[in-house]
Amino acid sequence: MNREGLINKIKKERTLVLIKPDGVERGLVGEIISRFERAGLRIVGLGIVRASKKLMDKHYPKTKAWVENLGNNMLKTAEELKIKIDLKRDYKVNNTYELGLKIREWLINYMCSGPIIKIALEGPHAVQTVRKLVGKTIPSMAEPGTIRGDFSIDSPILANLENRPVKNLIHASGNQQEAEYELKLWFKKDELID
Ligand code: CMP
């Protein structure tokens, strides 16, 4: 790739953000969007949608590694908070993969329970920049100054005991490959501004 091409590629990196039903219900849409705008990211696509189960099933990966990671993260949080968890007794599952599958299903149901805002953002290192502004997945661990750190406080342990996913306001693509896949899934080509 020549110099011009590289400059263009960096300037035009894109990522997907979804404001989840808890963010919409709490009236945080404007606040969240303004944080991205203030950082200098460009909005190249925007919409409000009621997601179907089919769409959410395509959105969240089904790989063993991803599902297992969901379950493992919960155990890691429990360890950090010095809370003793017994998967069989507390969650009626045999291993972290089964717990991950349960969480994935709660997530899909939750994402379909109310309207979602979909946003395509563009700018240098958009994926990484957005993740930095959004903060850590688990709200109680997210730093103040990040969106999750400032506006959410949920715990995965409490959430799972209540048979629901953790409410963390936002989904943001994890890497460039994910961003490409997710942008195609949520936006038609002509819905994105060049
Ligand atoms: P998201 O970025 O949408 O990707 C996966 C989601 O799973 C994550 O945000 C959280 O909402 C949710 N999540 C992650 N870990 C847990 C957990 N241990 N328990 C419940 N939900 C979780």
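When a ligand or atom number is given, it counts from 1 through the structure's own listing order.
Among Asn168, Leu169, Asn72, the residue whose heavy atom lies nearest to atom 8 (C) of ligand 1 is Asn168.
If you number the atoms of ligand 1 from 1 as listed, the ones under 4.0 Å from a heavy atom of Leu70 come out as 7 (O), 13 (N), 14 (C), 15 (N), 18 (N). Atoms of ligand 1 found under 4.0 Å from any heavy atom of Pro156 (numbered from 1 in listed order, with element): 17 (C), 18 (N), 19 (N). Against a heavy-atom cut-off of under 4.0 Å, Lys20 is close to the following atoms of ligand 1: 1 (P), 3 (O), 8 (C), 9 (O), 10 (C), 11 (O).
Around CZ of Arg89, the count of heavy atoms belonging to other residues, nucleotides or ligands within 6.0 Å exceeds 12.
Every pair passing salt bridge (charged side-chain N to carboxylate O under 4.0 Å, His left out) that includes a residue from residues 118-138 is listed here, sequence neighbours excluded: Arg14-Glu122, Arg42-Glu122, Lys118-Glu191.
Of the heavy atoms in Thr77, none comes closer than 4.0 Å to ligand 1. When non-hydrogen atoms are compared, ligand 1 lies under 4.0 Å from the side chain of Tyr60 (C-beta onward) but not from its backbone.
Nearest to atom 6 (C) of ligand 1 among the protein's heavy atoms is Leu107 CD1, 3.5 Å. The shortest contact between atom 2 (O) of ligand 1 and any protein heavy atom is with His171 ND1, 3.3 Å. Considering only non-hydrogen protein atoms, atom 21 (N) of ligand 1 sits nearest to Val166 N, 3.1 Å. For atom 18 (N) of ligand 1, the closest non-hydrogen atom on the protein side is Met74 CB, 3.2 Å. Atom 19 (N) of ligand 1 has Asn160 ND2, 3.0 Å as its closest protein atom, hydrogens excluded (heavy atom only).
The only member of Ile138, Leu169, Val166, Ile147 that meets side chain to side chain contact (heavy atoms under 4.5 Å, CB included) when paired with Ser152 is Leu169.
Residues passing the ring-ring contact (aromatic ring centres under 6.0 Å, His included) test with His59 are His171, Trp186, sequence neighbours excluded.
At least one donor-acceptor pair closer than 3.5 Å links the side chain of Glu13 to the backbone N or O of Val127. Side-chain atoms of Asp154 come within 3.5 Å of backbone atoms of Lys167 as a donor-acceptor pair (strictly under, hydrogens ignored). Under a 3.5 Å cut-off, the side chain of Tyr110 and the backbone N or O of Asp22 do form a donor-acceptor pair.
Assignment of Ile103 to the shell around ligand 1 is supported, since a heavy atom sits closer than 4.0 Å.
Contact check on Arg35 versus Glu31 returns a salt bridge, with a Lys/Arg side-chain nitrogen under 4.0 Å from an Asp/Glu carboxylate oxygen.
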